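Here is the naming used below: chain letters follow the sequence lines, and residue numbers restart at 1 for every chain. Nothing here was measured: the structure is a model prediction, and the numbers come from that model.
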Amino acid sequence: MAYDHKRIEEEWQRRWREQGTFRADNNSAKPKYYVLDMFPYPSGAGLHVGHPLGYIASDIVARYKRHCGFNVLHPMGYDSFGLPAEQYAIQTGQHPAKTTEENAARYREQLDHIGFSFDWGREVRTSNPDFYKWTQWIFLQLFNSWYDPRANQARPVSELIARFEGQGCQGQDASVLTGDSEEFIGAFTAQEWNGFDERTRQMVLQRFRLAYLSDAWVNWCPALGTVLANDEVKDGVSERGGHPVERKRMPQWSLRITAYAQRLLDGLAPLEWPESLKETQRNWIGRSEGATVRFPVGDDFIEVFTTRPDTLFGVSFLTLAPEHPLVARSTTPDRRAEVEAYVHTAKNRSERERQAEVDKVSGVFTGSYAKHPFTGADIPVWVGDYVLGGYGTGAVMAVPGGDQRDWRFAKHFNLPIIAVTEGANIGKEADERKDATICSEGFLKGLKVPDAIRRAVKELEKIGAGQGKVNFRLRDAAFGRQRYWGEPIPIYYKDDIPYPLPESELPLVLPEVDKFLPTESGEPPLARAKNWTYEGHPLETTTMPGWAGSSWYFLRYMDPHNAERFASAASINYWGQVDLYIGGSEHSTGHLLYFRFWTKFLFDLDLIPFDEPAKKLVNQGMIQGVSALLPFVAKISVPRGVEYLSGNSFTPETTPLLYVSGSLAAQSEDKVTQQILERLRKYWPEFREKEAQIRIEPKLSRVNVDINLVDSHNVLNTEGFVDVKKSQFTEPREIDFLTDQDGRVTTIREVEKMSKSKFNVVNPDDIIEKYGADTLRLYEMFLGPLEQSKPWDTNGIEGTFRFLKKFWNLFHSEAAPATAPATVPSTHRVDPIHITEEAPTKAELKTLHATLKKVTEDIGHMSFNTSVAQFMIAVNELGALKCRKRAILEPLTIALAPFAPHIAEELWAKLGHTESISTAPWPQWDAQYLEEDSFSYPISFNGKTRLQLEFPLTLGKEELEAAVLANPEVQAKLEGKAPKKVIVVPKRIVNIVV
RNA sequence: GCCCGGGUGGUGGAAUGGUAGACACGAGGGACUUAAAAUCCCUUGGCCCGCAAGGGCCGUGCGGGUUCAAGUCCCGCCCCGGGCACCA
């Protein structure tokens, strides 16, 4: 009759599986609720206790909503394409499909043990052809669409062609395009279009397609034959292998997310997402209003974007990004060598680097001059790497008087600094105030900045030297990857022009290759595939990035087996948007932006009836690991050279590795040194002879010790540690410990990321084995607020385990009044329980309803740690009241079910129910049981609480005040003086000001 | 540098502007037990006065402010974590 979590949990997990308890039906009269977890990538390391945190929270909500009468969609699947599997494949030769399959199976097993109410019948994997068929299909829709600025939505390219045929392409089309491809396309007439050859037409259309091929800057690593992400490049070389990396322009598939910049920005406001996450997206989209200004240079002109056209008369030079196409043409012959050298080095620095080194100013003069559009003055043209090729026009008008970066550049190169605002101290720094008054001569003089901006734009437009413009920081998303383990892009090339594969050819299945590496000529792995062609034409060899499948997967869950459509219209209409989306904040600008982008695109095509994927989003915090660090003697300096005592350079061989108790190391260096001396004498006889002449200086380092070798008081299991260490050495090596005064070896605790390399990973399987899934679930929630990061400390889990045992014992106390134990029609287990049918007391009802109220409200705002605390309070109170009453315990069991579903199911069955507890309606709390007759008022003097006085709640403010003042204790405190003021807040506090 | 979080006992944390430290871990003491485990009870922010009952002072990163009353609101800092754009 003891709480046997293992038996209970296995039993119920089996039943849920066999009975399909959590299958969600697409046809239901019930209202729907869609709870989604961010897609996991099934890594080889399996789950640690940090991973399920969000899943437990979403499972609680899913189960709660079922109790409230909703038809709940709560699916799970795998984002199963990705780099780790590919890298593992390169190392081991194992096909990524195989390792992915194994990893997913392992995930599934671990997830099952936690008792989630997922509808596994809807599981999807992005690497399954029947899933990525539709990822490819959506890609084709993107390829066949353009963004119509008039309709402000994506439209079929066929409409664009019809437009060209009818009226050609006039200026406006080109001017509204944004993003990386923002180059002047050039107007053409209908006749011209009709006269273009196929190639030219396709090239023109590329400029409009939402999935398009264009040259983009990439970090190319010739040695690895691949493109690297910014964070894979360190100091100009690849992070792995240290091979040189160069910035190179390569044809790349991109998605024109920039077309959606404004809508992605506007769509944020109504979403119930964390404000900080919305802000991050706003910053990422980076809308800025300003103007473009054209500065003539010889026959060309340099176009700049500025948010401060009001500072136009403060321009003292122009700066081009090293990548800017006009750099070569603007450079005078005498400057060529210098400029080319600068451009070469600057271009190959990563953007990260260029941006990180704020203090280092670098640049070079091109030798040529631009003309100021208003004054006609000569403006020197410089190249500087503080200007980025990918933002704006890749050129800035430098106003050192109004912009600190320009100021620094001007200072460094001795360029003129012109004051643009009144009261600026330009000798010291630029004046970036937006409320200043412009002081330059001409039409802007005396205007405030905002007025001056408007005026400047008007004047620029009047003389045709520029115009007002909104600029976005957001860039188009690179969509091609030089990798194997991703969705093939359904494109083939005829005469080097990309064409879409017909839909009937989908899925374009990932081909087999002999190796998962680039070809010798540097082509992506798919180029190794035999017959990688379509009707004799070569197929695209890059694959889609990791985020492709996750940009639309939430729709597939609605109708996962549909072979005709990505999901039926009926299922999409029924399930609609995700009601609650839970995941980590690391996805705030990647996944979540693409997710919203694809949703808006599918909405534009009338394929789905909503244009935001998730109404409400919650970021769960990270669970950090608690590492155990053990100091060791890394090095002992002696006057003649250095003797290493650790690692492979261990000498002298007679001296063991010395590990130092953390508490000892914390005490004093002397104590450590003393013990080292003792060990040296012991293990190194020669040392004794020389000891007098040698003064040693030990240096300590720390190693991460497996936390399983450390107890709750940080005491190291030294035998276990020695075993582990010895198994790591190829040659036998002595190990000794410098202990503290108690003879113990302690480790030092540190909170850091939970990871294998830090030996601080806690596996949920181990926790479940010992305490059960219900305890794990409760403890993960009890740890603290969901959104916050917090360290995992297994030692604290006893509290939640004890709670469950106490809860169980409320139903099984043999000390309960001798009433007839309820007969248990449970089909699987017939332990008697001790439950009475007596009417509950007022106190019992109060506990129950206070708990129902708190838990219901807490689930509403995802405050699960406080609900668990309330359950503990309830169990403690009911235990003290010796309550064994069905009328109390039954509703409480339902309330606990979302949190600890196994024990709840078991007790529910024992209470005589034959249906799963998940079908039980949520118990409602009733305020009448919470009403109090009296309240114990804290009586404070000048805000400091001094005593408590109990008064009936029926007392009015004046009566209360009189009663308080009449109290002898209060009188004593007042010492006969009259209070200056008495503040009475009914049911709160009485404050007496003296 | 900028943006976003966060700083409360030994630890995780709780607290609509109204009794700071709920709940839990750990620690200390006790009961039960041959013993252990399990369970139960008491104490547990710091300092001080008192034999005791009890009482006083301090206390939510730091410094100011608003208020009858501030962990909570405002201003100025410091520190930690996360993100990022020298973004024109």
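At a threshold of 4.0 angstrom between heavy atoms, the contacts of A:V985 include nucleobase atoms, whether or not backbone atoms are also involved. Base engagement by A:Q948 is indicated by at least one non-hydrogen atom pair under 4.0 Å involving a base atom. Nucleic acid contact for A:D406: none, since no nucleic acid atom lies under 4.0 Å from a heavy atom of the residue. Residue contacts for A:K805: at a heavy-atom cut-off of 4.0 Å it reaches the sugar-phosphate backbone alone, with no base atom in range. Within the 4.0 angstrom heavy-atom criterion, base atoms lie near A:I983. Heavy atoms of A:T319 sit nowhere under 4.0 angstrom from any nucleic acid atom. Using a 4.0 Å heavy-atom cutoff across all strands shown, A:R946 reaches sugar-phosphate atoms only and no base atom. Residue A:P785 is classed as a sugar-phosphate contact, given heavy-atom separations below 4.0 Å to backbone atoms only. Counting any heavy atom pair closer than 4.0 Å across all strands shown, A:N991 reaches a base atom. Within 4.0 Å of A:N795, counting heavy atoms only, lie sugar-phosphate atoms of the nucleic acid but no base atom.
The nearest whole Å value for the distance from the CZ atom in A:R282 to the C1' atom in B:C3 is 13 Å. The CG atom of A:L593 sits 14 Å away from the C1' atom of B:G83 (whole-angstrom rounding).
Taking atom C1' on both B:C62 and B:G12, the two are 25 Å apart, rounded to the nearest angstrom. Spacing between B:C75 and B:U66 at atom C1', rounded to whole Å, works out to 11 Å. B:C4 sits 26 Å from B:G9 when the P atoms are compared, rounded to a whole Å. Spacing of P atoms, B:C48 relative to B:G10, comes out at 16 Å, to the nearest Å. Across B:C79 and B:G71, the matching P atoms stand 24 Å from one another, rounded to whole Å. Taking the P atoms as reference points, B:A70 lies 15 Å from B:G61, given to the whole Å. Going from the P atom of B:U44 to that of B:A24 covers 15 Å, rounded to whole Å.
Pair assignment for B:U44: B:G26, on the basis of Watson-Crick or G-U wobble contacts that are both within less than 3.5 Å. The partner of B:A36 cannot be assigned: no Watson-Crick or G-U wobble pair with both contacts below 3.5 Å exists in any strand. Both distances falling under 3.5 Å, in either a Watson-Crick or a G-U wobble arrangement, place B:C2 opposite B:G83. For B:A70, there is no paired base (Watson-Crick or G-U wobble, both distances below 3.5 Å).
Side-chain atoms of A:N865 lie closest to B:G13 of the nucleotides B:G13, B:C68, B:C4. Between B:C23, B:G18, B:A88, one nucleotide has an atom nearer to the side chain of A:L388 than all others, and that is B:A88. Comparing B:U19, B:G26, B:G12 by their nearest atom to the side chain of A:F782 picks out B:G12. Nearest nucleotide to the A:S276 side chain, out of B:G26, B:G5, B:A88: B:G5. Here the side chain of A:I989 is nearest to one of B:C25, B:A88, B:U19, namely B:U19.
The nearest heavy atom of RNA chain B to A:T280 and to A:T866 marks one nucleotide each, and the one closer to the 5' end goes with A:T866. With RNA chain B read from its 5' end, the first of the two nearest nucleotides for A:S789 and A:K806 is the one closest to A:S789.
Looking at every heavy atom in both residues, A:T319 comes nearest to A:V383 through CG2-C, 4.0 Å.
Using bins of under 30°, 30° to 60° and over 60° for the plane-to-plane angle, the ring pair A:Y594/A:W547 lands in the parallel bin. Using a 30° and 60° split on the angle between ring planes, A:W792 and A:Y779 fall in the perpendicular class, above 60°.
Between A:L265 atom CG and A:K278 atom NZ the span is 11.5 Å, to the nearest 0.5 Å.
For the pair A:T775/A:E798, no side-chain contact is recorded, criterion being any heavy-atom separation below 4.5 Å from C-beta on. In this structure, the side chains of A:F803 and A:L778 come closer than 4.5 Å at one or more pairs of heavy atoms. A heavy-atom distance below 4.5 Å is not found between the side chains of A:F864 and A:D858.
The side chain of A:Q788 places an N or O atom within less than 4.0 Å of a non-bridging phosphate oxygen (OP1 or OP2) of B:G13.
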